[in-house]
Trainee: 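I have a structure I would like to understand better, so I am pasting it below and will then ask my questions one at a time.
Below, chain A is the first sequence line, B the second, and so on; all start at residue 1.
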There are 2 protein chains.
Amino acid sequence: MSAVPSVPDPGPVAPARERDGALRERARRVIPGGMFGHMNAASLPASYPQFFESAQGCRLRDVDGHEVVDFMCAYGPMIVGYRNAEVDEAAVRQARLGDLMTGPTERMVELAERLVGLLPHADWTLFQKNGTDATTLCVTIARAATGRRKVLVARGAYHGAAPWCTPYPAGVTAEDRANLLHHAPGDLEDLRRVADTVRGDLAAVVVSAFRHDLGRDQQMPDPAFARGARALCDETGARLILDDVRAGFRLDLRGSWEPLGVRPDLSAWSKAIANGYPLAFVAGADHLREAARSVYATGSFWCGGVAMAAALATLRVLEREDGPARMARAGQRLRDGLAEQARTHGVGLRQSGPPQMPLLLFDGDTAFERGMLFCEVALRHGAYLHPRHNMFLSLAHRDEDIDAALAATGAAMAAVAARFGRS
Amino acid sequence: MSAVPSVPDPGPVAPARERDGALRERARRVIPGGMFGHMNAASLPASYPQFFESAQGCRLRDVDGHEVVDFMCAYGPMIVGYRNAEVDEAAVRQARLGDLMTGPTERMVELAERLVGLLPHADWTLFQKNGTDATTLCVTIARAATGRRKVLVARGAYHGAAPWCTPYPAGVTAEDRANLLHHAPGDLEDLRRVADTVRGDLAAVVVSAFRHDLGRDQQMPDPAFARGARALCDETGARLILDDVRAGFRLDLRGSWEPLGVRPDLSAWSKAIANGYPLAFVAGADHLREAARSVYATGSFWCGGVAMAAALATLRVLEREDGPARMARAGQRLRDGLAEQARTHGVGLRQSGPPQMPLLLFDGDTAFERGMLFCEVALRHGAYLHPRHNMFLSLAHRDEDIDAALAATGAAMAAVAARFGRS
């Protein structure tokens with residue numbers, strides 16, 4: 001780790017990025033825009049790396065050899081540490097037998113049993129490869145069960161990148177969105193009002209584990225809203241779908257709404273289920289079993305045994321280590337340290353969402369200039385943070401990693417205070 | 001391998017399936033219908049296994065220990081042999097560094113460069129995880145480029161399992177299909193007629209590498225149709241999309257329509273690209289680069305380095321070993337042997353499609369009874385064939401494997417002749 005300067009940091013100086021720059025240049029020729037999707041570094045500080053060489057635990061090494069404590073965890077999938085020995089060993093054991101074959105392996109049954117045992121709302125599961133596969137399949141199953149078309153989601157919520165739900169309009173037709181309705185986030189009255197406009201044709205209400213829209217303070221669900229959404233579905237015959245793709249296994253191993261006492265009819269999962277091995281799944285209640293059977297759900301690699309073996313091992317580690325609680329403690333240590341640094345430097349910092357999935361926003365930072373500077377300096381001192389997107393803790397974030405990151409953020413907070421003054 | 005009986009086989013006797021039966025029973029409780037998608041054994045002969053234990057080369061071992069020569073290759077993804085040492089070694093080398101991290105690895109650039117170098121129609125690529133991701137993204141890019149909505153496909157052609165293209169209607173709304181048009185397969189006049197009905201709103205024509213609809217004789221594309229589809233797109237401004245998901249890398253490493261001299265604007269790939277490691281990609285021409293950049297394309301695991309390392313190794317093996325030609329030779333050896341057996345037993349057998357992706361159908365077999373019996377007996381004697389779906393050859397199918405399979409099919413052909421008589 002770099003030493004923490006005792007005087008306010010003079011501002012970011014870009015670290016050497018020779019290999020990263022050369023790779024970006026090569027990528028620009030053969031990949032539109034040089035990169036695509038949520039891992040595109042174009043919207044991050046210019047000194048951030050785009051390409052990575054290796055990872056271990058919570059440490060990430062970019063192609064120019066700079067090592068950082070990573071608070072993105074591959075945008076969620078990494079949950080028990082990069083290259084976790086127990087998970088990788090389970091994966092290798094399965095790979096030595098076979099991964100994708102002309103049918104599933106016993107691992108599929110074991111994992112389905114494990115998930116049904118773990119999730120109180122689930123009586124069955126189906127496996128996929130993308131979070132979008134899982135949310136789309138939930139909606140399709142709800143439509144098959146109800147014979148209805150309309151789907152109601154919170155305005156601004158992210159439920160995937162398919163045309164029916166993508167937040168970006170390029171290439172999307174009006175017909176793709178014809179059955180998608182929006183309500184004001186967390187507003188039960190508005191949820192009911194919009195539902196009323198399609199009464200008799202409402203197939204599903206899709207909810208997020210909590211509100212984690214890009215670039216705005218996160219918000220935990222109001223239990224009254226959760227109960228109200230459940231009641232609305234029970235009254236109207238619509239199905240309640242919990243999108244647990246992003247938050248799943250970090251807040252509660254039984255499902256993110258279980259602590260609220262509200263159970264969905266269907267839930268969509270992906271990201272952290274197998275510690276980075278590609279896997280997604282849908283879980284559902286018994287009354288949707290026949291509808292789920294009737295829907296054609298398939299993909300070339302969905303039955304591969306290695307990702308399922310990795311998922312079984314990931315769940316074993318998470319349960320044994322009391323995963324969500326430990327990640328919450330690590331996240332709280334980071335949060336407390338950051339709050340103290342913000343106070344010390346007189347910087348207005350807002351920290352929102354569950355400590356396992358923190359978001360940092362600076363007061364008055366509408367153009368994210370403070371956030372960008374903060375992240376840029378923190379990165380130079382060894383912590384990879386995100387200025388707009390929620391971050392992720394993992395079981396690999398030990399106290400000493402958090403403290404190393406706090407040394408980096410101390411320099412970054414000083415730089416923000418020096419550049420923008422006390423707020 | 002089982003010995004070939006010298007008298008016509010008396011008919012199938014189901015092999016022991018104790019573990020498979022127990023797993024199916026457990027699966028029925030926690031997976032709707034006990035299994036889902038294209039690997040569901042429900043439509044196969046009752047004696048077929050659902051669950052597999054291990055695989056090596058072209059040999060597959062089910063959970064009850066029966067070993068067979070596999071002609072499904074995991075429904076296409078396996079192309080250089082299960083657990084191919086060179087591919088797995090490349091994957092392990094990358095896994096020791098890191099698979100999915102907080103950004104892509106250098107492998108992504110290398111693979112994009114490799115594919116752009118290999119495919120004459122491609123100037124760029126984007127990576128995904130499912131074939132359906134790739135076909136859907138092609139359509140979305142074509143719409144973004146043209147500002148149009150309509151997509152024209154051959155009736156009965158399979159282009160994925162998303163609501164816009166799935167062959168099964170459960171849970172699909174009319175709006176999901178509002179912009180999908182069908183023409184009679186291989187009929188250029190009908191293609192032009194249907195295109196005329198939406199002139200000015202036609203975004204794309206999607207073609208398959210060749211016609212491989214379930215349960216009917218396969219058909220190679222007529223070069224006149226291919227040229228006509230290309231000309232129609234050039235005249236109307238629609239984009240020509242080649243769905244090479246199923247056939248890709250088996251017919252021609254440069255793309256399945258390259259031998260026809262017809263180049264698509266966009267192509268969708270998956271299945272065999274990484275010998276079973278989950279990966280898909282879209283390739284496109286330069287004039288679609290900006291449209292591709294404008295579309296939001298992303299998934300949690302799309303940047304994982306292991307599948308890309310596996311793809312690089314798979315391509316190296318395929319090129320070095322002259323993959324398509326060698327698979328064609330192996331497929332032709334199987335085809336010739338089967339034709340000889342059919343003649344000997346006076347059984348009317350139709351073999352269609354490219355030898356690398358053979359389909360077997362029996363004359364007068366509308367209910368697939370001959371096909372089911374044939375496969376059932378062949379399986380018992382050590383060859384895993386499919387009664388309705390095209391099959392796949394791989395580089396792991398050596399002469400001795402084909403000959404072992406032919407010993408099995410000899411018994412099967414005799415059983416068909418004995419049960420159904422000479423045709």
Side-chain angles (χ1 to χ4, degrees), chain A residues 23 26-27 30-33 36-39 50-52 54-55 60 70 72 74 77 82 97-106 109 112-113 116 124 126 129-131 140 143-144 149 161 166 168 170-171 173 175 178-179 270-271 276 278 289 292-301 303, chain B residues 23 26-27 30-33 36-39 50-52 54-55 60 70 72 74 77 82 97-106 109 112-113 116 124 126 129-131 140 143-144 149 161 166 168 170-171 173 175 178-179 270-271 276 278 289 292-301 303:
Chain A
L23 281 169
R26 285 166 59 190
V30 289
I31 293 166
F36 55 94
H38 66 288
M39 287 187 177
Q50 177 66 80
F51 294 94
F52 293 93
S54 62
L60 199 54
D70 178 26
M72 291 312 292
Y82 289 115
L97 294 169
D99 182 6
L100 186 70
M101 296 183 274
T102 296
T105 70
E106 189 167 352
V109 182
E113 288 174 339
V116 166
W124 53 262
L126 290 170
K129 285 293 174 201
N130 301 314
T140 307
R143 284 175 172 153
R149 297 174 302 167
T166 176
Y168 301 95
T173 69
E175 290 76 11
N179 293 311
S270 182
K271 288 205 181 275
R289 194 186 289 264
R293 197 204 51 73
S294 75
V295 165
Y296 190 61
T298 206
S300 294
F301 310 108
C303 290
Chain B
L23 280 170
R26 285 166 60 189
V30 290
I31 293 167
F36 55 93
H38 66 289
M39 288 187 176
Q50 177 66 80
F51 294 95
F52 293 93
S54 63
L60 198 54
D70 178 26
M72 291 311 292
Y82 289 116
L97 294 170
D99 182 7
L100 187 70
M101 296 182 274
T102 295
T105 70
E106 189 168 351
V109 182
E113 289 174 339
V116 166
W124 53 262
L126 289 170
K129 284 295 176 200
N130 300 315
T140 308
R143 284 175 173 153
R149 298 174 300 166
T166 175
Y168 301 96
T173 69
E175 291 77 10
N179 293 312
S270 181
K271 288 205 181 273
R289 194 186 289 263
R293 198 204 49 74
S294 75
V295 165
Y296 190 62
T298 206
S300 294
F301 310 109
C303 290

Trainee: Looking at chain A, which one of B:Ala292, B:Ala297, B:Gly131, B:Ser294 has the largest number of heavy-atom pairs inside 4.5 Å, strictly under?
Mentor: B:Ala297
Trainee: Counting heavy-atom pairs under 4.5 Å to chain A, which of B:Leu126, B:Thr140, B:Asn130 comes out on top?
Mentor: B:Asn130
Trainee: Pick from B:Cys303, B:Pro77, B:Pro104: which one has the most heavy-atom pairs with chain A under 4.5 Å?
Mentor: B:Pro104
Trainee: Any side-chain heavy atom of B:Ile31 within less than 4.5 Å of one from A:Arg289?
Mentor: no
Trainee: For B:Val295, which atoms come within 4.5 Å of any heavy atom of chain A: side chain, backbone, both, or neither?
Mentor: both
Trainee: Side chain, backbone, both or neither: which part of B:Phe51 has a non-hydrogen atom closer than 4.5 Å to chain A?
Mentor: both
Trainee: Roughly how far apart are B:Phe36 CZ and A:Trp124 CH2, rounded to 0.5 Å?
Mentor: 10.5 Å
Trainee: Look at A:Gly98, A:Ser300, A:Ala144 and state which one has the largest set of heavy-atom pairs under 4.5 Å with chain B.
Mentor: A:Ser300
Trainee: Hey, are the side chains of B:Thr166 and A:Tyr296 touching, using non-hydrogen atoms and a 4.5 Å cut-off?
Mentor: yes
Trainee: Considering only heavy atoms and a distance below 4.5 Å, find which of A:His38, A:Arg143, A:Arg149 pairs most often with chain B.
Mentor: A:His38
Trainee: Are a donor atom and an acceptor atom from the side chains of A:Tyr168 and B:Thr298 found within less than 3.5 Å of each other?
Mentor: no
Trainee: Closest heavy-atom contact between B:Met39 and A:Thr102?
Mentor: SD-C, 4.1 Å
Trainee: Most heavy-atom pairs under 4.5 angstrom with chain A, which of B:Ala74, B:Gly299, B:Gly37?
Mentor: B:Ala74
Trainee: Identify the two heavy atoms, one from A:Asp99 and one from B:Gly276, that lie closest to each other, and give their separation to 0.1 Å.
Mentor: OD2-O, 4.5 Å
Trainee: Is A:Val109 close to B:Gln50 at the side-chain level, that is, under 4.5 Å between some pair of heavy atoms?
Mentor: no
Trainee: When you compare the side chain of B:Glu106 with that of A:Leu23, does any pair of heavy atoms fall below 4.5 Å?
Mentor: yes
Trainee: Return the option, out of A:Arg293, A:Lys129, A:Glu175, with the maximum number of heavy-atom pairs under 4.5 Å with chain B.
Mentor: A:Glu175
Trainee: Checking heavy atoms, do the side chain of A:Thr173, its backbone, both or neither come under 4.5 Å from chain B?
Mentor: side chain
Trainee: Relative to chain A, which of B:Ala27, B:Gly33, B:Ala170, B:Ser270 shows the most heavy atom pairs under 4.5 Å?
Mentor: B:Ala170
Trainee: Would you say B:Tyr82 and A:Met101 make side-chain contact, with heavy atoms under 4.5 Å?
Mentor: yes
